[in-house]
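What follows is a short report on a single structure.
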Amino acid sequence: MAEAYFPVGPGLGMEENFLSLDDILMSQEKLPGRAESALPRLAVLLGQGGGSAESIPEGSKLEIPLWLAKGLHDSKRRIISMELPKIYKEAWRTVFSADANVVDLHKMGPYYYGFGSQLLNFENPENPEIAQTDSVCSLQTFIARFRRIMDSSQNAYNEDTSALVARLDELERALFQVGQKGLNDFQCWEKGQASQITASSLVQNYGKRKLAEVDG
């Protein structure tokens, strides 16, 4: 039976894949910011007024979905300015450096890695640190947590894993599922219940994207 929806992987880095449900959901995550000029007829959209014609005054504090923030952001016209969510600020970067495994990423931001990359689309004094975080600290965070994720996925087979995955962001949850599926496929192959071992869909989709980049 054909699947009703064929999973599409998220974009890479600062690029979004608008066919990906993960990227669509990520674009709804909100950013704190400030209106650098009056924003006409946006009060209702941002939950700050009762009439469709109401404007947001200059200087107002905002909580804007990522998709709208990217649409309004203009470095020349200074329509809005965006702030870093607290989990990407220096205090939390220090926590990640100390012990990445203690952080409940899903509670702080279910799309931590992808959303962090999107922050580089906005001008911010901490962008150099964010860029370094994305390429260095976040990589170290991912590596430190990845080992524990894969160990758990292999050692909690046929058990209730809800407590294990509750603290993971969506990317990490997908990796956990890949780890468990790989173990299941291997055990089926060992028992003669599978004719061959195939690459996971994540690996196949990544390979297709790389080929498309080369052809382009």
Side-chain angles (χ1 to χ4, degrees), residues 7 9-17 20-33 61-66 69 82-122 124-184 186 200-203 205-206:
L12 299 175
M14 295 169 61
E15 298 298 324
E16 293 178 78
N17 185 343
S20 167
L21 288 180
D22 282 328
D23 277 358
I24 292 172
L25 292 172
M26 179 187 68
S27 71
Q28 301 296 323
E29 294 288 312
K30 292 185 177 181
L31 283 167
K61 291 186 177 181
L62 306 170
E63 287 282 336
I64 308 181
L66 173 64
M82 306 314 301
E83 302 173 8
L84 291 179
K86 63 180 181 179
I87 195 172
Y88 298 100
K89 291 185 177 181
E90 183 178 359
W92 277 101
R93 295 200 295 266
T94 302
V95 172
F96 281 122
S97 298
D99 187 354
N101 287 307
V102 304
V103 182
D104 186 340
L105 271 193
H106 202 268
K107 180 179 179 180
M108 301 302 295
Y111 297 95
Y112 171 76
Y113 300 106
F115 195 69
S117 298
Q118 292 296 315
L119 297 179
L120 298 177
N121 285 294
F122 307 99
N124 191 291
E126 290 191 63
N127 262 9
E129 288 79 10
I130 290 296
Q132 184 179 12
T133 297
D134 190 58
S135 60
V136 180
C137 184
S138 283
L139 178 59
Q140 293 172 349
T141 297
F142 181 78
I143 291 172
R145 291 170 66 93
F146 176 80
R147 179 178 300 174
R148 185 171 182 178
I149 290 166
M150 298 313 292
D151 284 347
S152 297
S153 73
Q154 303 298 295
N155 296 321
Y157 190 67
N158 284 334
E159 297 180 11
D160 181 6
T161 60
S162 56
L164 291 171
V165 302
R167 299 168 65 86
L168 308 181
D169 99 317
E170 292 299 326
L171 172 62
E172 293 173 335
R173 290 183 177 189
L175 290 172
F176 184 89
Q177 292 172 359
V178 168
Q180 288 215 307
K181 184 180 184 301
L183 178 59
N184 179 61
F186 178 72
S200 73
S201 59
L202 284 179
V203 173
N205 290 336
Y206 178 77

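For the single chain, residues carry numbers from 1 onward in sequence order.
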Seminar exercise, completed: Those residues at least two apart in sequence (or on a different chain) that pass salt bridge (charged side-chain N to carboxylate O under 4.0 Å, His left out) with Arg145 are Glu172

Considering residues at least two apart in sequence or located in another chain, which fulfil the side chain to side chain contact (heavy atoms under 4.5 Å, CB included) criterion with [X]?
| X | value |
| --- | --- |
| Arg147 | Asp151 |
| Lys107 | Asp104 |
| Pro85 | Leu31, Pro32, Tyr88, Phe115, Leu119 |

Give the minimum heavy-atom separation between [X] and [Y], together with the two atoms involved.
| X | Y | answer |
| --- | --- | --- |
| Pro110 | Glu29 | CG-OE2, 3.7 Å |
| Phe176 | Ile149 | CD1-O, 3.7 Å |
| Gly114 | Met26 | C-SD, 3.4 Å |
| Ile87 | Met108 | CD1-CB, 3.0 Å |

Would you give the length of the straight line joining atom [atom1] of [X] to atom [atom2] of [Y], rounded to the nearest 0.5 angstrom?
| X | Y | atom1 | atom2 | value |
| --- | --- | --- | --- | --- |
| Ser152 | Gln180 | OG | CD | 9.5 Å |
| Asp169 | Arg167 | CG | CZ | 13.0 Å |
| Glu170 | Asp23 | CD | CG | 12.0 Å |
| Leu171 | Asp22 | CG | CG | 8.5 Å |
| Gln177 | Asn184 | CD | CG | 13.0 Å |

Exercise. Is any side-chain heavy atom of Tyr111 closer than 4.5 Å to a side-chain heavy atom of Leu66?
Worked result: no

